[in-house]
Amino acid sequence: MKNLITTVLLSSISIFSFSQKKIAHKIYMYGNVENSIGQGKVAVVFEKGVRIERDIISKFKKEHLQVVSWQDLFLPGSTYTQAQTDSILKANNITSILIFTVTGKATTNYGSSLTNGSAYQSANTIYGSAYTNTQSAAVTSALSLRLQVYSAKNSFSNPLAVIDGEAEGSWGVASTTKGIADKIIDRMISGLKSEKAFTY
């Protein structure tokens, strides 16, 4: 896994020699993805959360692709040589690897208050008491994701494309990282379809 991540970081530097192309709302791509995803199985890598990874896998399965989690192929925390990694990918007929990373995140303090008051009148004197309970929590207000598309066509040596996307939470609603990530991933899939990335 460390070898793959290192390769990702190094190869992502060279991908920006390609021109940028808008493929969906707030989704931009460098490279070419035509006929690049789906000849065999697709492995998904998302290191920031299991729930979001499951959503990603589910969304790509709806496109009639065979999708598996990277964690199903490689034990978390274990180290594999390049030869071992290549052997496992080949044995499982992995022809595409989709690596998702969070590149930016904005949070907003979302607060609510509850006021409880009471007043008692005795003769001409009013005794009042009140208290206010205020709760505040940081919620995700915006998120940026990057998708790197790797293919067996070039032995996973360099990404065929890098896709950047961003989205904000709905106005006036306490958003979640998962909710905004879902929005970005849906747009990325729409863009991939428009670029004829999927093969069946």
Side-chain angles (χ1 to χ4, degrees), residues 1-18 21 23 27-103 144-165 177-178 181-182 184-200:
M1 182 64 177
K2 289 183 180 178
N3 291 340
L4 179 63
I5 298 302
T6 301
T7 303
V8 168
L9 294 174
L10 293 175
S11 60
S12 63
I13 296 171
S14 63
I15 196 72
F16 293 104
S17 60
F18 292 94
K21 180 179 183 180
I23 61 172
I27 306 295
Y28 300 90
M29 181 182 74
Y30 302 87
N32 182 2
V33 292
E34 187 173 355
N35 296 324
S36 63
I37 302 171
Q39 299 91 337
K41 291 183 181 177
V42 180
V44 168
V45 182
F46 187 83
E47 294 189 296
K48 292 295 183 181
V50 175
R51 288 183 63 200
I52 295 177
E53 182 179 276
R54 284 200 302 257
D55 279 357
I56 294 171
I57 291 172
S58 176
K59 289 175 184 295
F60 277 91
K61 281 184 175 180
K62 288 179 181 177
E63 300 302 322
H64 308 291
L65 298 170
Q66 298 179 66
V67 189
V68 298
S69 168
W70 185 265
Q71 310 298 337
D72 292 339
L73 305 173
F74 302 93
L75 292 175
S78 298
T79 302
Y80 297 83
T81 66
Q82 189 62 54
Q84 289 173 322
T85 301
D86 293 343
S87 176
I88 292 170
L89 294 175
K90 185 175 181 181
N92 287 276
N93 192 30
I94 304 297
T95 57
S96 306
I97 301 174
L98 306 181
I99 300 179
F100 291 84
T101 54
V102 176
T103 55
S144 299
L145 292 181
R146 172 168 292 167
L147 164 59
Q148 297 186 71
V149 180
Y150 283 79
S151 173
K153 291 179 179 180
N154 64 357
S155 302
F156 307 111
S157 58
N158 290 294
L160 299 181
V162 172
I163 301 172
D164 288 320
T177 300
K178 179 179 176 298
D182 282 345
I184 297 171
I185 294 159
D186 286 340
R187 292 175 182 173
M188 284 182 170
I189 290 175
S190 176
L192 288 168
K193 289 167 72 174
S194 71
E195 292 299 306
K196 301 177 181 178
F198 302 143
T199 60
Y200 308 100

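Nothing fancy with the numbering, it's 1 onward along the sequence.
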Closest heavy-atom pair, Y80 versus S78, reported as atoms and distance to 0.1 Å, is CE1-CB, 3.7 Å
Quick check on K59: does its NZ atom have over 12 non-hydrogen neighbours (other residues, nucleotides or ligands) under 6.0 Å away? yes
Nearest 0.5 Å please: distance from the CG atom of D182 over to the CZ atom of R51. 9.0 Å
Quick one: pull up CD in Q66 and CG in N93 and give me the separation to the nearest 0.5 Å. 7.0 Å
Would you find a donor on one side and an acceptor on the other, under 3.5 Å apart, between the side chain of S96 and the backbone of S36? yes
Does a side-chain heavy-atom distance below 4.5 Å link V45 with T101? no
Tell me, do I163 and I23 make a side-chain contact under 4.5 Å, heavy atoms counted? yes
Close side-chain approach of L145 to M188, heavy-atom, < 4.5 Å: yes
With a 3.5 Å distance limit and no angle check, can you tell me whether T199 reaches the backbone of Q39 through a side-chain donor-acceptor pair? yes
With side chains defined as the heavy atoms from C-beta onward, is the minimum distance between Y150 and I94 less than 4.5 Å? no
Identify the heavy atoms of I27 and G165 that sit nearest to each other, and give their distance. CD1-CA, 3.5 Å
Got more than 12 heavy atoms from elsewhere within 6.0 Å of NZ, K193? no
Quick check against the 3.5 Å criterion: does S69 have a side-chain atom that pairs as donor or acceptor with the backbone of Q71? yes
Is the shortest side-chain heavy-atom distance between L98 and V67 below 4.5 Å? no
Nearest 0.5 Å please: distance from the CD1 atom of I184 over to the CD1 atom of I52. 9.5 Å
Check whether any side-chain heavy atom of T177 lies under 4.5 Å from a side-chain heavy atom of V102, and answer yes or no. no
Taking the side chain from S87 and the backbone from Q84, do they hold a donor-acceptor pair closer than 3.5 Å? no
Minimum heavy-atom separation for V33 and E195, please, with both atom names. CG2-CB, 3.6 Å
So, for I88 and L73, which heavy atoms are closest and what is the spacing to 0.1 Å? CG2-O, 3.9 Å
How many angstroms lie between CZ in F60 and CG in D55, if you round to the nearest 0.5 Å? 12.0 Å
Looking only at heavy atoms, what is the nearest atom pair of K41 and N92, with distance? CD-O, 3.3 Å
Might you point out which heavy atoms bring E53 and V44 nearest each other, and give the distance in Å? OE1-O, 3.9 Å
Contact check, side chains of L192 and I37, non-hydrogen atoms, under 4.5 Å: yes
Given the rule in the side chain to side chain contact (heavy atoms under 4.5 Å, CB included) test, do F100 and I56 qualify, once you have shown the distances and angles that lead to the verdict? CA-CA 9 Å; F100 291 84; I56 294 171; 3.6 Å; yes
Within the 4.5 Å heavy-atom criterion, are W70 and I97 side-chain neighbours or not? yes
Separation between OG of S194 and NZ of K21, rounded to the nearest 0.5 Å: 7.0 Å
